[in-house]
Amino acid sequence: MAETTIGQSVGAERTTEIQDAYMAMTRTKRMYGGIMLVIFIALMTSGFMLADSRNAGGFWDGILNVFNFPGEVVKEASEKITLLPALMVKFFPSLIETINIAAASTLVGGLIAIVLSLLSTRGLARFPRLIGLFRRLMDIMRAIPEIVVALVLIFVLGGGPVPAMIAIALHTTGALGKLFSEINENASLKPLEGLESTGATWAQRMLLGVVPQVAPNWLSYALLRFEINIRASAILGFVGSGGIGYDLKNAFSWGQGRYDEVAAIFILLFLTIVFFDQLSSHYRNKLVGKV
Amino acid sequence: QDSISEFRIGILGGENAQDRMTSNECYRAKAEELLGVPVKLFTPADYDGVIQGLVGGSIDMAWLGASGYAKAYLTDPDAIEPIMVKTNLDKSFGYHSIGFARKDSGITSLDDMKGKVFAFGDPNSTSGYLIPSIEIPQATGASMESGDYFGEVKFVGGHEQTIVAVANGDVDAGVTWADGMGDWEDGYNSGALRKASDAGLVDMNELVEIWKSKPIPEGPIVLRKDLPERVKLDITTLTASLPYMDADCAYSFMAGEALGFQPIDHDDYISIIEARKSKM
Amino acid sequence: MLAFDSLTKRFGANVAVKNVSFSIDRPMMVGIIGASGAGKSTLLRIINRLTDATSGKLEFEGRDVLGLKGTAKREWQSQCAMIFQQFNLVPRMDVVSNVLHGTLNRRSTLATMFNLYPTADIHTAIAILDRLGIAEHAPKRAEALSGGQQQRVAIARALMQDPRIILADEPIASLDPMNAQIVMDALRRIHEEDGRTVIANLHTLDTARRYCDRVIGMRMGKVVFDGTPEQLTTGVARDIYGADADFSESATSTSIDTIETSAARAIHAAEAIA
Amino acid sequence: MLAFDSLTKRFGANVAVKNVSFSIDRPMMVGIIGASGAGKSTLLRIINRLTDATSGKLEFEGRDVLGLKGTAKREWQSQCAMIFQQFNLVPRMDVVSNVLHGTLNRRSTLATMFNLYPTADIHTAIAILDRLGIAEHAPKRAEALSGGQQQRVAIARALMQDPRIILADEPIASLDPMNAQIVMDALRRIHEEDGRTVIANLHTLDTARRYCDRVIGMRMGKVVFDGTPEQLTTGVARDIYGADADFSESATSTSIDTIETSAARAIHAAEAIA
Amino acid sequence: MTATADTMPVTDLKQTATALIARKRFIAFAAPAVILAYFIYLFFAFDIPGLVERARMDNARILVADSYSYKTHITHDNRSGGLSFAIEGENKGTYPESMIPDFVTRNGDDSVDIALKARESAQIDGSTLRYIRPDYGTVTVTVEGRDIILDTPDGEVPDWISASNARVNITGAGGRAIVTRARTEVYRYSFGWELFWFTLDSPFYGKGFGELAGLALSGDRVVADKSNLAAMVHDFWNNAMWRHKDVIWAIFETILMAFLGTMGAALVALPLAFLAARNFTRLMSIRFAVRRFFDFVRGVDGLIWTIILSRAFGPGPMTGALAILITDTGSFGKMFSEALENVDNKQIEGVSSTGAKRLQRYRFGVIPQVTPVLLSQILYYLESNTRSATVIGAITGGGIGLLLTQAIITQKDWEEVSYYIVLVILMVIAMDWFSGWLRGRLIGRNEAH
Ligand SMILES: Nc1ncnc2c1ncn2[C@@H]1O[C@H](COP(=O)(O)OP(=O)(O)OP(=O)(O)O)[C@@H](O)[C@H]1O
Ligand SMILES: Nc1ncnc2c1ncn2[C@@H]1O[C@H](COP(=O)(O)OP(=O)(O)OP(=O)(O)O)[C@@H](O)[C@H]1O
Ligand SMILES: [Mg+2]
Ligand SMILES: [Mg+2]
């Protein structure tokens with residue numbers, strides 16, 4: 001029974017052959033694996049050493065001092081702990097500005113991204129030939145760091161929240177556009193064909209056929225982006241645009257004596273980010289869970 | 001510890017990072033030759049970056065403003081010591097904070113500035129913040145809080161940004177530094193206005209001076225206190241003799257015409273430190 | 001009324017529809033049968049202008065259908081409603097809205113964006129749903145309905161277009177026998193009561209025989225049979241399907257009475273090998 | 001050799017294995033049958049120590065298996081290899097690596113982290129694969145193999161452990177009849193040629209009858225039958241499965257000859273209703 | 001088919017449907033209305049009317065013009081005499097004694113004719129400047145002692161001249177001129193990025209591509225101790241005007257920050273993620289602690305970490321790398337632990353049943369499963385961190401971010417700004433492409449998300 005039923009034994013010679021071939025393969029694999037590992041370790045260590053040498057302070061000296069600065073801030077803040085609530089109220093309008101910048105840019109960027117993503121999804125595009133163009137456009141929008149656009153726009157438009165808003169919106173358009181079009185690709189084309197057969201226009205097909213299918217996923221990504229944009233907006237404030245980042249920079253630059261302000265802003269920023277993080281992940285779970 | 005493995009010089013803002021590197025390259029090369037260890041230049045993004053570096057020990061030498069020195073001293077009195085100060089052609093070592101506005105705005109003095117937008121430079125700048133923030137309230141009789149006398153008071157980040165912001169009309173007036181000698185139309189003999197005018201950034205015809213501070217002591221060149229004595233001595237000697245050794249190098253290192261350097265110590269900055277303390 | 005003139009459609013080297021010429025001169029119910037890949041779907045899609053023909057002509061009441069563009073094309077699409085095998089509804093939308101999509105061509109894009117459908121249209125939609133026996137599902141989402149119900153929603157959408165012609169691409173292929181019968185009955189009734197032309201792709205002979213006035217058989221893109229249901233003998237069917245002698249009709253039948261027992265057996269057996 | 005003594009496993013209020021006592025005194029092929037939820041899998045998992053028993057004892061050659069900890073426990077696991085219904089291979093790794101996982105217990109952690117196995121082990125692995133007739137798939141990823149082949153890889157991994165006992169949890173449930181036969185043949189051959197004990201959960205009676213030396217029937221956690229295949233009459237089977245009179249064996253059969261015709265019929269019919 | 005709605009009369013159904021559509025209509029109007037209301041609020045909160053007023057379109061024009069053109073300064077020193085020619089007026093761009101720009105004709109030691117664009121021209125003759133506009137005439141500016149005298153054909157001062165007795169500014173269509181007591185300067189604008197390849201002191205300046213290729217191949221050495229190619233590379237690399245060496249180093253530093261930060265974060269986060277995953281750590285308290293730790297480092301935000309670290313480590317790429325490392329440890333930790341919670345238990349069980357040790361179980365039961373997910377996340381972050389590193393560099397002082405922001409802040413070297421922007425975009429696109437490629441190689445196209 002055994003001989004007839006278990007597959008076909010391939011014979012001793014063939015077995016040796018397979019063993020040798022496999023050993024050869026294993027050796028190459030091990031070699032490649034080894035090389036990869038060595039390359040990775042070499043890259044990491046040499047990168048580390050290079051960064052260390054090009055840095056003003058060395059890693060090993062610095063690591064001991066990591067807590068100096070937070071220590072000073074905490075010390076001063078705890079001495080003036082009674083002032084903190086008032087300071088937090090003082091900086092609250094700046095925080096609102098930062099959040100407004102994030103919200104406006106997410107909205108504007110998201111709305112444009114919707115259009116661009118529809119235009120650049122195969123099967124949905126209004127002008128199939130221009131898909132490549134719209135995709136490259138989004139790639140470039142994604143590639144430009146917000147800070148560049150913001151600073152250039154400050155030169156043209158003057159200070160204020162608008163340059164930051166435009167800069168973040170631009171990046172958001174590119175980033176969300178790509179994600180949206182990935183979602184769009186998974187949308188079923190059947191309802192679209194159904195609508196097309198009734199003589200619906202492109203806009204009607206998109207709005208009635210695609211949007212209901214993909215909106216929850218869009219919204220979930222947009223929420224995630226909103227959270228990211230709050231951070232970006234704070235950072236832009238730090239390098240020249242308005243909002244809480246600007247206050248942080250001034251307080252922090254002045255240093256000792258205003259560390260209570262620094263602490264107040266840190267706390268505001270931290271709470272805001274955690275708040276929106278939790279909010280957005282809550283809604284995302286809800287939205288995507290429903291799908 | 002009596003030896004170092006490298007020597008790190010921090011350079012304050014005011015020009016873009018590349019130009020800062022270029023202007024100080026000859027000094028770096030001389031220091032490297034003298035000290036026999038690699039000398040590196042660092043150009044942090046703002047005043048505070050340099051001060052943090054000095055206090056944190058990651059930068060060994062820098063040329064600070066008076067207020068910057070005060071800040072470093074107040075943060076850690078044992079971190080750095082001043083060694084030299086630049087002397088002007090007339091042997092004084094001071095400069096002024098200058099308030100200025102656009103000519104077509106009709107503003108000619110602080111009196112016209114009521115309710116208008118006023119700009120400081122960097123919070124750690126002596127002429128761009130500390131001194132005007134003390135002397136201007138004395139002149140106006142009101143605080144510098146937004147809405148108190150001025151409509152709004154803000155920091156635009158640095159001398160160049162102040163000049164550009166005023167020229168663009170983003171703010172109504174701002175303060176920056178100049179030696180106060182020579183002609184207004186040239187932007188004085190030296191200072192931020194001169195540099196901006198030379199660079200074609202602004203047309204001095206379009207600006208007017210609206211306020212001028214009392215003389216401010218020039219900022220010191222500082223070294224970290226725990227550097228080996230030998231190193232301190234070498235650097236002091238090198239700096240002091242720079243104008244005689246290599247005039248071109250001294251010119252670019254000192255950002256303009258100046259007589260040279262003279263030694264200075266902590267006591268010359270006590271008043272500035274007090275001024276800064278009063279703002280805390 | 002509707003005249004095909006040597007209509008041809010190529011997909012690369014593959015000819016999906018080859019030289020099809022026939023005409024329909026009065027409202028009737030036409031069944032198109034043929035093996036998988038015979039070109040049935042492609043033909044219907046060409047009529048509805050979802051796919052463009054490679055060559056040939058299609059005239060409706062003297063007007064050249066294939067040359068229509070833009071608004072005129074969408075106008076034509078609204079006159080020949082299409083029903084799909086997979087229903088092609090918008091699953092996350094409620095039934096009434098899906099039916100109202102039949103009016104899209106008549107309404108401005110902006111108005112439809114804001115759901116500005118006239119109340120009269122909404123009432124018509126309900127009336128149509130009622131006629132098809134699914135009015136009580138009107139507020140539900142389309143995806144919550146059974147296959148047969150969804151297909152009836154699709155028919156309702158088609159009726160909402162108030163079309164001259166209804167094209168149905170294997171309307172009952174996704175349905176169980178019970179629902180299949182309901183849907184076919186609905187189509188027949190629409191033809192009879194409203195006098196609309198119905199062209200249906202069907203994959204079962206007995207359905208074609210039972211419901212259609214005329215049957216067209218296609219094989220490899222060509223029309224190989226065109227006649228009355230009575231003329232559709234087993235021999236002819238073998239030709240259409242290119243089947244050999246052991247071709248048995250019951251294997252493809254969906255009529256409830258013929259399959260009952262064999263389906264039960266099949267399910268039983270299928271479980272055994274799963 | 002292997003002795004169960006009133007082994008019990010509770011999951012909350014649910015008793016999965018209830019008071020199981022029997023013993024196996026010489027290497028043999030044991031089949032465990034029972035309805036879904038009868039506790040078959042749980043029993044095997046307890047033997048392999050993937051699940052801990054609630055109470056009772058299990059001895060192997062006088063040693064208390066359930067009390068083993070740490071190294072000793074892993075040592076025991078390596079002696080009683082487990083084969084899973086879903087194969088439980090690492091799909092992204094190649095076949096030989098999967099087989100070599102059978103040696104993990106013997107090799108140092110550090111060497112295996114980097115996939116460094118002795119050449120001799122690799123040769124053995126390929127020899128085992130050859131014995132199971134799938135040596136030529138050695139360098140492929142496990143996920144690229146068919147179900148039957150994957151199950152044979154799982155058997156090869158088990159053999160690689162050089163175990164005293166092989167536990168197989170419904171080894172053929174995911175397989176088609178053809179592959180099921182190959183796998184069962186392989187298990188039987190391993191028992192016969194190597195003298196290893198094989199305990200297999202099976203869900204079909206005829207498989208148990210055809211391959212096992214002894215059949216144990218479980219129902220609701222309890223052993224309700226223990227005897228030779230011959231003693232396993234349809235009546236007994238009804239008891240085990242708690243089935244009523246219309247219980248027909250062929251419905252659950254996987255033997256190729258018995259199902260051939262009915263499967264063909266089923267497929268045919270299934271297509272018709274699809 | 002014949003069965004009509006027997007549960008509810010059709011009229012009622014019609015009412016329900018109308019109400020349903022009305023509700024949808026309300027939402028269709030309400031959602032845009034809310035957005036619109038928010039935009040109106042922003043319109044005032046962001047002071048858009050003021051913005052329109054403040055917007056300086058001429059700045060935009062300068063920016064655009066400057067980014068593709070350069071100006072040559074022809075300067076006469078009115079105090080000590082003497083002419084100099086310099087590109088962008090910079091020291092490093094000064095023409096050597098023997099060389100003058102080709103649109104300048106020298107009439108004497110202290111006198112030149114300058115051909116400007118738009119058929120305009122200028123003449124410097126000692127401390128006198130003549131600016132000639134074809135449709136206007138000649139403007140003469142003379143420095144006499146402490147005064148500057150402006151003389152126009154009609155005696156009026158047109159709006160393109162700004163004059164005081166200390167300074168005269170002429171802005172023509174084809175050039176600009178500035179006269180102060182100290183010096184007379186004429187600017188001529190030309191197209192391109194001058195000196196991008198070689199500076200004036202390089203023997204290769206002004207040579208065409210063909211000529212350079214010829215030189216590179218020929219044996220005759222232009223610079224004695226180097227082959228021509230090496231000399232060219234050297235001159236390009238050390239270009240004092242564009243400083244390619246520093247720029248490339250800066251780009252490299254930026255990528256280095258992103259690489260070290262991302263990989264470091266992944267290495268730190270992986271083991272921690274096991275501690276935060278429900279199926280690997282039974283102890284609720286440990287899991288909770290690790291999760292809050294992830295939330296904390298993520299929540300504190302890269303900006304604040306950068307600030308904190310720059311105090312300890314000073315400016316430079318290490319600081320940036322560590323800031324990225326810390327922030328991303330939080331993000332990775334969260335994502336990795338989610339991936340770990342979704343692993344298929346079958347494979348782990350398969351490996352455990354052979355008697356594998358804990359680490360071996362992770363290595364063979366878990367790692368192969370999660371590798372594709374983790375790798376694709378890591379690579380995605382590598383790409384996006386290249387962008388973050390640019391920003392962080394601007395804060396801490398390192399990499400291309402610093403060069404870029406500082407060049408923007410000084411608001412004059414727009415051609416350098418454009419150069420950096422192009423490089424940054426290329427860098428990010430290259431990293432995007434590279435991480436996509438690597439993902440494709442390592443885990444196969446389809447599995448990438
Ligand atoms: N979009 C397309 N691209 C390429 N070939 C196509 C396309 N659509 C259809 N075809 C081909 O055209 C031929 C006819 O297809 P069609 O869908 O019309 O057949 P059918 O009779 O509807 O078959 P079925 O019963 O399977 O639906 C087939 O060979 C098919 O592969
Ligand atoms: N991890 C678990 N947690 C809770 N209950 C479980 C668990 N594993 C099994 N059970 C329960 O124990 C009982 C026996 O399950 P077991 O998997 O052993 O049955 P089985 O005979 O293998 O069934 P099948 O043929 O479906 O695999 C069932 O009621 C099952 O629900
Ligand atoms: Mg079809
Ligand atoms: Mg089981």
Side-chain angles (χ1 to χ4, degrees), chain A residues 107 110-119 121-130 180 183-222 283-284 286-291, chain C residues 41 44-45 47-51 68 70-94 97-115 141-143 150 153-154 157-163 166-169:
Chain A
L107 257 176
L111 291 176
I112 304 176
I114 287 176
V115 177
L116 277 183
S117 74
L118 290 173
L119 287 173
T121 308
R122 236 173 268 115
L124 302 183
R126 179 81 180 79
F127 315 103
R129 267 156 222 243
L130 300 184
F180 284 2
I183 299 172
N184 296 348
E185 264 164 21
N186 295 327
S188 159
L189 293 179
K190 291 213 178 79
L192 281 179
E193 213 166 45
L195 289 171
E196 189 178 1
S197 76
T198 70
T201 60
W202 183 77
Q204 287 171 331
R205 289 205 302 275
M206 295 302 121
L207 190 79
L208 302 172
V210 181
V211 174
Q213 292 190 58
V214 294
N217 286 310
W218 281 356
L219 203 56
S220 126
Y221 276 119
Y283 277 103
R284 269 183 296 135
K286 235 171 114 172
L287 283 169
V288 179
K290 235 168 46 181
V291 174
Chain C
S41 299
L44 287 204
R45 295 171 61 86
I47 304 178
N48 186 264
R49 296 292 315 274
L50 289 171
T51 300
L68 300 175
T71 319
K73 171 179 152 190
R74 288 199 294 273
E75 171 68 34
W76 160 250
Q77 286 179 317
S78 81
Q79 280 180 31
C80 70
M82 184 106 177
I83 296 165
F84 299 85
Q85 173 178 349
Q86 304 285 343
F87 330 135
N88 294 21
L89 300 174
V90 182
R92 300 171 137 271
M93 278 198 172
D94 58 85
S97 296
N98 265 296
V99 177
L100 285 168
H101 290 166
T103 68
L104 287 181
N105 183 254
R106 269 175 272 155
R107 308 277 164 239
S108 84
T109 306
L110 201 68
T112 51
M113 299 266 156
F114 291 105
N115 282 310
R141 282 186 175 204
E143 63 194 348
Q150 287 197 44
V153 175
R157 177 174 72 190
L159 286 181
M160 196 70 205
Q161 293 180 231
D162 191 16
I166 290 181
L167 308 169
D169 189 7

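Residue numbers start from 1 in every chain, and the chains themselves are labelled A, B, ... in the order their sequence lines are given, proteins ahead of strands.
- Atom CD of C:Gln77 and atom CD of A:Glu196 lie 5.5 Å apart (nearest 0.5 Å).
- Counting heavy-atom pairs closer than 4.5 Å to chain A, the top-ranked of the candidates C:Gln79, C:Met82, C:Met113, C:Arg107 is C:Met113.
- C:Phe84 and A:Ser197 make their closest contact through CE1-OG, 3.7 Å (heavy atoms, listed as atom of the first residue, atom of the second, distance).
- The shortest non-hydrogen separation linking C:Met93 to A:Pro212 is CE-CG, 3.6 Å.
- In plain terms, the two heavy atoms of C:Leu104 and A:Leu195 that are nearest each other are CD1-CD2, 3.7 Å.
- Remark: C:Gln85 CD to A:Lys190 NZ distance equals 8.5 Å, nearest 0.5 Å.
- Rounding to the nearest 0.5 Å places CZ of C:Arg74 at 7.5 Å from CD of A:Gln204.
- Ranked by heavy-atom pairs shorter than 4.5 Å toward chain C, the options A:Gly199, A:Ser188, A:Gly209, A:Ala200 are led by A:Gly199.
- Atom OG1 in A:Thr198 sits 6.5 Å away from atom CZ in C:Arg157 (nearest 0.5 Å).
- Atom CG in C:Leu50 sits 11.0 Å away from atom CG in A:Leu192 (nearest 0.5 Å).
- Taking both residues in full, the closest heavy atoms of A:Ala203 and C:Thr109 are given as CB-CG2, 3.6 Å, listed atom of the first, atom of the second, then distance.
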